[in-house]
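Everything quoted here is computed from the prediction, not taken from an experiment.
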2 protein chains.
Amino acid sequence: MAHHDLQMSAHDCGDCPIRHRAVCARCETDELARLEQMKYYRSYQAGQTVIWSGDRMDFVASVVSGIATLTQTMEDGKRQMVGLLLPSDFVGKPGRQVAAYDVTATTDLVMCCFRKKPFEEMMSSTPHIAQRLLEMTLDELDAAREWMLLLGRKTAREKIASLLAIIARRDASLKLRTAKGSFAFDLPLTREEMADYLGLTLETVSRQISALKKDGVIELEGKRHIQVPNFDLLLEETGDDSDGGFLI
Amino acid sequence: MAHHDLQMSAHDCGDCPIRHRAVCARCETDELARLEQMKYYRSYQAGQTVIWSGDRMDFVASVVSGIATLTQTMEDGKRQMVGLLLPSDFVGKPGRQVAAYDVTATTDLVMCCFRKKPFEEMMSSTPHIAQRLLEMTLDELDAAREWMLLLGRKTAREKIASLLAIIARRDASLKLRTAKGSFAFDLPLTREEMADYLGLTLETVSRQISALKKDGVIELEGKRHIQVPNFDLLLEETGDDSDGGFLI
DNA sequence: CGTTCCGGTTGATCTGCGTCAAGGCCGGAA
DNA sequence: TTCCGGCCTTGACGCAGATCAACCGGAACG
């Protein structure tokens, strides 16, 4: 049973910040109009649970702003994050009745929700949505598999470096770079959330961040603001094949 | 550059063993006819590489019989399996030019290949294929996320038990059970492949299998044939929520 | 036949990370 | 101002699993 602030703000899809990246990316104006009829916004505060694993899902949604996480919990309480939801990412699976994971807002969060039934009907009648959703799901699958390599085979240091590189890269695609090869960004996650993401403990996360700092790979300003003086240096610490293609 | 036996056998889609589970599951007879025109079969021997990561992919395919694996390799040589392809599973991503993973046949393997270009055209013109592919991709994503939990948080013993449970469950859905709660099956993977799947070393895999045997959870007959006298006992070793069915 | 190879097992030892514990920093409430 | 509670860091120690190494059994092959 999720408690949440309900906030009805009537946005126009045309002005939507995620208009060109979300499930609706391919929709024509008439299709958008149809979507507008089944959509509503919800806001959540940082830390709130959006959905509990096992809950009945009566909607699917896109993240409009903020960050949410998908986590799984074992019976002994160990937790593993299995997904990080950023603006434009999609939540929920057409055809599934109940949520498979806990969804939690790690920052203040706004979601654009669609009632499930009409959304599913629309999916089968217009191909644009299903096509875009397939594309997005394939990307998520790739990300999940990259994460499997990280979880299964990387050392703690490589895991931290990989996470920082991913966040830095994502931020770089939104903001502009200060200077070639130099980045700065804020961590959107606590040490514990990073640990849950990386399959580590928060102590190990803390130690490895300190180690990377001591070795000059990163610089800290406060607990959360990170500067990367040389991005290539950071990449070398990830254990990934050099290059990884061109960036961004 | 993949070397492979090329084997042209003209099967009729109507007789296909994976007809009702593969991408083509939803297709009408006229759509099947169209697919038949772009399809061809390929056979691979156990151990052969089907595709190398980075290779250009000019086809997508369904596994007809046998088992293949998807693996990723780090620059220092550590390997992580990120997918297990069973009959009816799909290989390749529409819209992607190059393969992201190594695909290897672990048993003798037959694949039903479709030339990529016409397949993609068909995907955009008829909804049945895209719909089915979305469904399958969502299932794969769930499997990948379950695997992330395993890789990130389970102990070696829990990992082995989970793998055995998955294989047993899959076999049980095909064969019939000997007696309620008692299974027997053959491992389709070597100890090293299991290690690559589980993020362990082959020595640890071997030791944990021996330990499960000593504790009476499983019985071995040769290296590969496994009997599970009490499936619930095995499930308890996986560390998963006791039922996996309804909620607490 | 013996030889070699491959997959597997087992033992000895090492080590990276988890665990347990103490304490620091900072912002918000009283 | 002091106190408190989150969040984070650091140290000491132990252990699960990696590493290194020896050996086993069966199949392929001369």
Side-chain angles (χ1 to χ4, degrees), chain A residues 45-48 74 76-80 104-107 150-164 186-215 218-226 237 239, chain B residues 45-48 69 74 76-80 104 106-107 150-164 186-215 218-226 237 239:
Chain A
Q45 293 174 347
Q48 264 191 305
M74 288 176 52
D76 63 3
K78 280 181 284 190
R79 288 159 48 86
Q80 175 66 49
T104 312
T106 61
T107 65
L150 178 147
L151 290 171
R153 295 302 185 193
K154 289 191 177 181
T155 65
R157 170 181 266 244
E158 288 169 341
K159 287 178 177 181
I160 297 288
S162 300
L163 178 60
L164 296 180
D186 285 313
L187 286 174
L189 303 174
T190 66
R191 300 289 186 264
E192 185 172 17
E193 286 163 340
M194 293 175 67
D196 283 347
Y197 210 144
L198 300 170
L200 298 171
T201 59
L202 82 246
E203 293 96 328
T204 299
V205 170
S206 183
R207 273 187 254 271
Q208 294 299 335
I209 288 181
S210 299
L212 287 174
K213 174 176 146 195
K214 186 166 68 64
D215 297 347
I218 59 173
E219 287 155 23
L220 284 193
E221 198 171 304
K223 311 294 190 185
R224 298 294 198 91
H225 190 77
I226 294 211
E237 298 287 351
Chain B
Q45 293 173 348
Q48 263 190 306
T69 61
M74 289 177 50
D76 63 3
K78 279 182 286 191
R79 287 157 49 87
Q80 176 65 49
T104 312
T106 61
T107 65
L150 178 146
L151 290 172
R153 294 302 184 193
K154 289 192 177 180
T155 65
R157 170 181 266 244
E158 288 169 341
K159 287 178 177 181
I160 297 288
S162 300
L163 178 60
L164 295 181
D186 284 313
L187 285 174
L189 303 174
T190 65
R191 300 290 186 263
E192 185 171 18
E193 286 164 339
M194 294 174 66
D196 283 347
Y197 210 144
L198 300 170
L200 298 170
T201 59
L202 79 247
E203 292 96 329
T204 299
V205 170
S206 184
R207 273 187 254 271
Q208 295 298 336
I209 288 181
S210 298
L212 286 175
K213 175 176 146 194
K214 186 166 67 65
D215 296 347
I218 58 172
E219 287 156 25
L220 283 193
E221 198 171 304
K223 311 295 189 184
R224 298 292 199 93
H225 190 78
I226 294 210
E237 298 287 350

Starting at atom [atom1] of [X], determine the distance to atom [atom2] of [N], rounded to an integer number of angstrom.
X      : N      : atom1 : atom2 : answer
B:K213 : C:dG8  : NZ    : P     : 14 Å
A:K78  : D:dA16 : NZ    : C1'   : 11 Å
A:E221 : D:dC8  : CD    : P     : 16 Å
A:L202 : D:dG6  : CG    : C1'   : 12 Å
B:E193 : C:dG8  : CD    : C1'   : 13 Å
B:M194 : C:dG7  : CE    : P     : 15 Å
A:H225 : D:dC7  : NE2   : P     : 21 Å
B:I209 : C:dG8  : CD1   : C1'   : 10 Å

Side chains of [X] and [Y]: does their closest heavy-atom pair fall under 4.5 Å?
X      : Y      : value
A:D215 : A:R157 : yes
B:R191 : B:I209 : yes
B:Q80  : B:L151 : yes
A:K159 : A:Q208 : no
A:M194 : A:L202 : no
B:L212 : B:L164 : yes

Could you go through nucleotides 22-28 of chain D and list every protein N or O atom that sits under 3.5 Å from one of its N or O atoms, giving the distance for each pair?
none

Strictly under 3.5 Å: I want the nitrogen or oxygen pairs between protein and nucleotides 14-20 of chain C, one per line.
{"unit_1": "C:dC17", "atom_1": "OP1", "unit_2": "A:A156", "atom_2": "N", "d": "2.8"}
{"unit_1": "C:dG18", "atom_1": "OP2", "unit_2": "A:T201", "atom_2": "N", "d": "3.4"}
{"unit_1": "C:dG18", "atom_1": "OP2", "unit_2": "A:T201", "atom_2": "OG1", "d": "3.1"}
{"unit_1": "C:dG18", "atom_1": "OP2", "unit_2": "A:T204", "atom_2": "OG1", "d": "2.3"}
{"unit_1": "C:dT19", "atom_1": "O4", "unit_2": "A:R207", "atom_2": "NH2", "d": "2.7"}
{"unit_1": "C:dC20", "atom_1": "N4", "unit_2": "A:E203", "atom_2": "OE2", "d": "3.2"}

Below 4.0 angstrom from OP1 or OP2 of C:dC6, is there any side-chain N or O of B:T190?
-> no
Kindly say if A:R224 contacts the phosphate of D:dC7, meaning a side-chain N or O under 4.0 Å from OP1 or OP2.
-> no
Examine distances only and state if a side-chain atom of B:E219 and a backbone atom of B:I226 form a donor-acceptor pair shorter than 3.5 Å.
-> no
Under the side chain to side chain donor-acceptor pair (under 3.5 Å) rule, collect the residues that match up with B:E203, sequence neighbours excluded.
-> none
Base, sugar-phosphate, or nothing: which does A:S210 touch, judged by heavy atoms less than 4.0 Å apart?
-> sugar-phosphate
Is the shortest distance from a Lys or Arg side-chain nitrogen in A:K154 or B:D76 to a carboxylate oxygen in the other one below 4.0 Å?
-> no
